[in-house]
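Let me begin by presenting the structure, written as structure tokens, before commenting on it.
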Number of protein chains: 2
Amino acid sequence: MKPSTSIQDYLKRIYELTENGSPASTNDLARELNIKPASVTGMIQKLANEKPALLEYQKHQGVTLTSAGKKAALEVIRHHRLLETWLVQTLGYSWDEVHEEAERLEHVISEDFERRIAAALGHPLRDPHGELIPTADLKMPLDDSTPLSALRKNQTGKILCIKGADADLLRHLDELGLTPNAMIEVTDYSPFDHNLTIKVEKKTHVLGLSVTSKIFIEQK
Amino acid sequence: MKPSTSIQDYLKRIYELTENGSPASTNDLARELNIKPASVTGMIQKLANEKPALLEYQKHQGVTLTSAGKKAALEVIRHHRLLETWLVQTLGYSWDEVHEEAERLEHVISEDFERRIAAALGHPLRDPHGELIPTADLKMPLDDSTPLSALRKNQTGKILCIKGADADLLRHLDELGLTPNAMIEVTDYSPFDHNLTIKVEKKTHVLGLSVTSKIFIEQK
DNA sequence: AAAATAATTTAGGCAAGGCTAAATTTTACA
DNA sequence: TGTAAAATTTAGCCTTGCCTAAATTATTTT
């Protein structure tokens with residue numbers, strides 16, 4: 001049976017927190033979900049003890065998803081990213097506005113709806129932020145991007161994705177022309193503070209690590 | 001604060017059941033909501049005792065909406081009907097498929113989303129079934145339609161609305177060409193069983209009262 | 001290695017929103 | 001008009017999913 005909205009949120013966050021390979025901690029999960037750590041413990045204990053478990057959990061060791069849990073998480077993430085793409089393309093939402101709306105819609109659309117928007121959009125590979133959209137058979141495509149922070153003087157690339165930016169930063173990046181598909185050239189690098197000087201569309205900007213680590217590039 | 005999904009459903013059904021002027025009974029409401037009558041009693045008692053009450057209720061006398069309750073109901077109904085229109089026009093849903101999808105989406109879309117689809121659709125007056133869409137300031141437009149069952153031989157009209165038909169009947173009516181905007185001519189009337197013989201697009205059909213009372217007409 | 005701090009879990013509680021069974025009204029009808 | 005049937009309400013219970021406070025376990029620091 002389809003997981004509840006709450007459980008879908010748990011799975012989605014656990015998926016994100018475990019992308020680095022290590023289990024998700026109770027605390028981190030609580031922060032991401034805006035609920036108390038004690039509540040998280042209760043929920044993951046319940047989920048770990050169900051018949052076909054969606055996740056695995058040992059006291060004090062954090063949580064990981066089973067493959068069933070991963071599928072369920074990817075379903076939600078696919079919904080989210082298709083919805084963001086669709087809202088931007090058909091209703092004129094800007095990329096810093098769509099997140100909240102998609103966050104609610106992702107839990108209630110049917111598989112039929114998912115198929116229809118995917119088809120209407122031409123089965124896109126990435127959403128408006130450049131995040132990869134899980135495929136219809138619920139696999140996450142391989143990510144071949146590198147963070148902008150890894151580039152050095154005279155290297156160039158195309159922006160693929162902006163990760164983990166809030167609406168404010170997104171608006172700011174938009175003003176600078178730092179959106180997916182923009183071409184970037186690194187004109188200087190400061191080894192002290194890791195600042196990068198870059199050129200986008202004739203304009204030059206100096207960016208700190210907190211920004212350059214959120215911009216992902218296809219290196220040229 | 002925005003009512004919960006459950007409460008929104010109560011309000012919507014009560015609105016529909018009280019459109020005839022009389023209060024909605026516990027039983028009817030339970031049937032429409034697919035829950036037990038005892039549960040309905042509990043919920044409406046709670047709602048009737050809140051600070052700014054959404055509904056009025058006296059034991060054994062049924063429920064009616066306050067004007068605040070009506071507004072809240074019309075908001076949900078507006079969402080539903082705009083969504084149905086939107087899904088049909090932009091995603092190719094057929095009019096017998098949209099209901100379920102809209103039933104879930106209506107509770108989670110933002111006012112911003114509502115405005116965007118209303119504008120994209122050109123602020124439509126009716127949804128795909130012909131039902132009137134409450135206005136942005138939450139008033140239900142006047143309904144000047146008459147049931148097809150009230151027409152007699154040689155009278156003609158345009159179909160405005162199909163009310164209370166399930167998906168099966170909707171598909172059937174679609175096949176007969178009995179959809180909103182179709183022009184109809186009554187070629188015969190049987191006072192015994194109230195059957196009407198009608199002509200739509202060169203074809204003739206005989207319809208019983210169970211159907212003719214669900215088709216609403218703008219009389220010519 | 002002990003003490004302090006941080007993270008996590010346990011225990012007990014609460015609100016929402018359902019359900020069943022039993023009691024009470026209301027309505028219908030003989 | 002009295003009684004049976006139907007509708008409604010009451011009472012008590014359950015699950016979901018969150019909370020707080022207190023207890024426990026891990027991790028740091030000294």
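Because only heavy atoms are used, hydrogens play no part in the values below, and waters and symmetry mates are left out as well, while side chains stay in. In what follows, every chain begins at residue 1, and chains take the letters A, B, ... in the order their sequences are listed.
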For DNA chain C, determine which residues of residues 17-37 of chain B have any heavy atom closer than 4.0 angstrom to one of its atoms, and list them numerically.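 Heavy-atom contacts with DNA chain C come from B:Ile35, B:Lys36.
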
Which residues in residues 42-52 of chain B have a heavy atom closer than 4.0 Å to any atom of DNA chain C?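 Correct list: B:Met43, B:Lys46.
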
Value in whole Å for how far the [atom2] atom of [N] lies from [atom1] of [X]:
X       : N      : atom1 : atom2 : result
A:Gln58 : C:dT8  : CD    : P     : 15 Å
A:His60 : C:dA7  : NE2   : P     : 13 Å
B:Ile7  : C:dA16 : CD1   : P     : 8 Å

Partners passing side chain to side chain donor-acceptor pair (under 3.5 Å) against [X] (at least two apart in sequence or in another chain):
X        : answer
B:Arg78  : B:Glu114
B:Ser210 : none
B:Gln155 : none

Salt bridge (charged side-chain N to carboxylate O under 4.0 Å, His left out): pairs with one or both residues in residues 99-111 of chain B, sequence neighbours excluded: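 Residue pairs with at least one partner in residues 99-111 of chain B: B:Lys12-B:Glu103, B:Lys12-B:Glu106, B:Arg13-B:Glu103, B:Glu101-B:Arg104.
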
Using the salt bridge (charged side-chain N to carboxylate O under 4.0 Å, His left out) rule, collect all pairs that involve residues 51-67 of chain A, keeping only residues at least two apart or in two chains.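 Those involving residues 51-67 of chain A do not exist here.
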
Give every donor-acceptor pair under 3.5 Å between a side-chain atom in residues 131-138 of chain B and any protein atom, sequence neighbours left out.
residue  : atom : partner  : partner atom : Å
B:Thr135 : OG1  : B:Asp137 : OD1          : 2.4
B:Thr135 : OG1  : B:Lys139 : N            : 3.1
B:Thr135 : OG1  : B:Lys139 : O            : 3.2

Remember a base hit wins even if backbone is also touched, and classify B:Ser6 as base, sugar-phosphate or nothing at under 4.0 Å, heavy atoms.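 It contacts sugar-phosphate atoms only.
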
With A:Asp174, which residues qualify under salt bridge (Lys or Arg N to Asp or Glu O under 4.0 Å), at least two apart?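 For A:Asp174 there are no salt bridge (Lys or Arg N to Asp or Glu O under 4.0 Å) partners, ignoring immediate neighbours.
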
Minimum heavy-atom separation for A:Tyr57 and A:Ala48, please, with both atom names.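 It is CB-CB, 4.0 Å.
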
Earliest and latest nucleotide of DNA chain D, 5' to 3', sitting under 4.0 Å from a non-hydrogen atom of chain A?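 On DNA chain D, the outermost contacted nucleotides are D:dG17 to D:dT25.
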
According to side-chain hydrogen bond (donor to acceptor under 3.5 Å, both in side chains), does anything in residues 26-41 of chain A pair up with another residue at least two apart or in another chain? List the pairs.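 Those involving residues 26-41 of chain A are A:Ser25-A:Asp28, A:Asp28-A:Arg31.
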
Enumerate the ring pair (Phe, Tyr, Trp, His ring centres under 6.0 Å) contacts for residues 104-135 of chain B, please, sequence neighbours excluded, ordered by first and then second residue.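 Sorted result for residues 104-135 of chain B: B:Trp95-B:His129.
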
